2 protein chains.
Amino acid sequence: MVPFGKPRAERADAARNRERLLGVAREMLTELGAEQVTMDGLAERAGLGKGTVFRRFGTRAGIFRALLDADERAFQEQVLSGPPPLGPGADPVARLIAYGRARITFLHRHFAVSRAALDRGQPVPVGDASLSQLHLRMLLGRAVPDVPDLDVLTLQLSAALEGPLLLYLSMGGSPDPPPEADGALGDGWQVLVERLVRDRPGHAATRTGTGD
Amino acid sequence: MVPFGKPRAERADAARNRERLLGVAREMLTELGAEQVTMDGLAERAGLGKGTVFRRFGTRAGIFRALLDADERAFQEQVLSGPPPLGPGADPVARLIAYGRARITFLHRHFAVSRAALDRGQPVPVGDASLSQLHLRMLLGRAVPDVPDLDVLTLQLSAALEGPLLLYLSMGGSPDPPPEADGALGDGWQVLVERLVRDRPGHAATRTGTGD
DNA sequence: AATAGAAGCGGGGTGAAGTCCGGTTATGCT
DNA sequence: AGCATAACCGGACTTCACCCCGCTTCTATT
């Protein structure tokens, strides 16, 4: 009976409603596009009240963030325990490059939702900034060991990797960036990383398999 | 009497109103904070109709973009014809570093407005993406001559430079990023740039003064 | 200077995000 | 099982960005 034992697990009906809302949201998303998904519409179509929607997700962007989270989890799974170029087992530089390319593809594939999850006044939208950024930080720490401020570098490379998709590439009203851009962005990422780690005599990293 | 000689310069009253709106907006901004500046409030306080405000600026974000533009112009002035570390006359790498530091300071100084100029669904807010990015592209072209895709690199470094201020650094509800971050971000930028251009035997750039 | 016509102006209207609070229902304890 | 409580639910309410269209004012022409 401690005051903070646990916050009393989610009630059954609440959970059911959350599932339902997520499902309907995904439906409306593919059917009408992100722009047309409104809170009122979602609530009505789910047969629930608007208050419920807001309590569950806090804000409109929150819905899209929740939608992303599911796929994000799957993505992290690949990264954390998938096959080597991306998963553990390759040297950090190779993983870094593979990670960037995979992330670009992921962002591109979820472009509409990612952008909808962007909300003025709120932090970074994708990946909760923790999972993706944590992983990037870890890889950078191994691939570029003698950097003075690892946190700042992580921030900057995060932005370099995700920013173009999230912000810059969406100019001009084209609703979706063309798929060709993926390749160019991925190549650019590889060049960037290779230049960053270039001429390290023997970065202690050809060793692999030291559990992640 | 050609149909498209010129779009018939802005009418005098319209110009007067624009000035007035900009002034009042700046007032409200320092007085109430960006969050509290509403279109209705602005119109009323300026003694004008709401429709007028929207015709002049198109959107709420447009006001803040217009506000930024003035200072942005002054900033570009420094960059294009100021004293050497930042202006022309130093080698590209030095200018690149100076530019990044100056840009970080600029963004930080205009943090509230920059964020308010951010609007979901629109391109990158600050600097119209053209001026700042064009300059960056030029410097990069000289400092890192053998890069395969200069446009992509520009995009990525733009994001690395501006992203942390605009997106990542604003997490956690702290309304303003602490000033100490400027130094760290600036140092980070310098490290990034130096690593990118590192070990160029003699990048044809110690020569200076070839007009910009 | 008078006039025609375009550009600018105003403020009410609409739709959607987010808030509030009274009623309802699940959960923990006895 | 019965009850107290806290979480949940619903939908009306508020606020704000943005639209619309008839009216006014400026500017180019004669």
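The shown structure was predicted, so the numbers you read here are calculated from the model rather than taken from an experiment.
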Touch class at under 4.0 angstrom, heavy-atom based, for B/A12 against every strand present: sugar-phosphate
Using a distance-only criterion (donor-acceptor N/O pair, under 3.5 Å, no hydrogens), is the base of C/dA17 paired with the side chain of A/R60? no
Among the candidates D/dC9, C/dG10, C/dG18, find the nucleotide nearest to the side-chain atoms of A/K50. C/dG18
Would you mind telling me which of C/dG10, C/dC9, D/dA17 lies closest to the side-chain atoms of B/D13? C/dC9
Here the pair of heavy atoms bringing A/R95 nearest to A/V79 is NH2-O, 3.1 Å
For residues 76-88 of chain A, pull every pair meeting salt bridge (Lys or Arg N to Asp or Glu O under 4.0 Å), keeping only residues two or more places apart or in separate chains. none
If you check every side-chain atom of B/R11, which of C/dG18, D/dT27, D/dA17 has the closest atom? D/dT27
If you check the B/T38 side chain, which of D/dA17, D/dC26, C/dA17 turns out closest? D/dA17
To the side chain of B/R56, which of C/dG18, C/dC9, D/dC9 is closest? C/dC9
Using whole Å, what does the distance between atom C1' of nucleotide D/dC16 and atom CG of B/L42 come to? 13 Å
For DNA chain C, the residues among residues 17-34 of chain B that have a non-hydrogen atom under 4.0 Å from it: B/N17
Among the nucleotides D/dG10, C/dC9, D/dC18, which one has an atom lying closest to any side-chain atom of A/R55? D/dG10
Just so I know, are the side chains of B/F57 and B/R18 near enough to count as touching, which here means a heavy-atom distance under 4.5 Å? yes
If we only count heavy atoms from C-beta on, is the A/V53 to A/N17 side-chain gap below 4.5 Å? no
side-chain hydrogen bond (donor to acceptor under 3.5 Å, both in side chains) pairs touching residues 38-50 of chain B, sequence neighbours excluded, are B/E27-B/R45, B/E31-B/R45, B/D40-B/K50
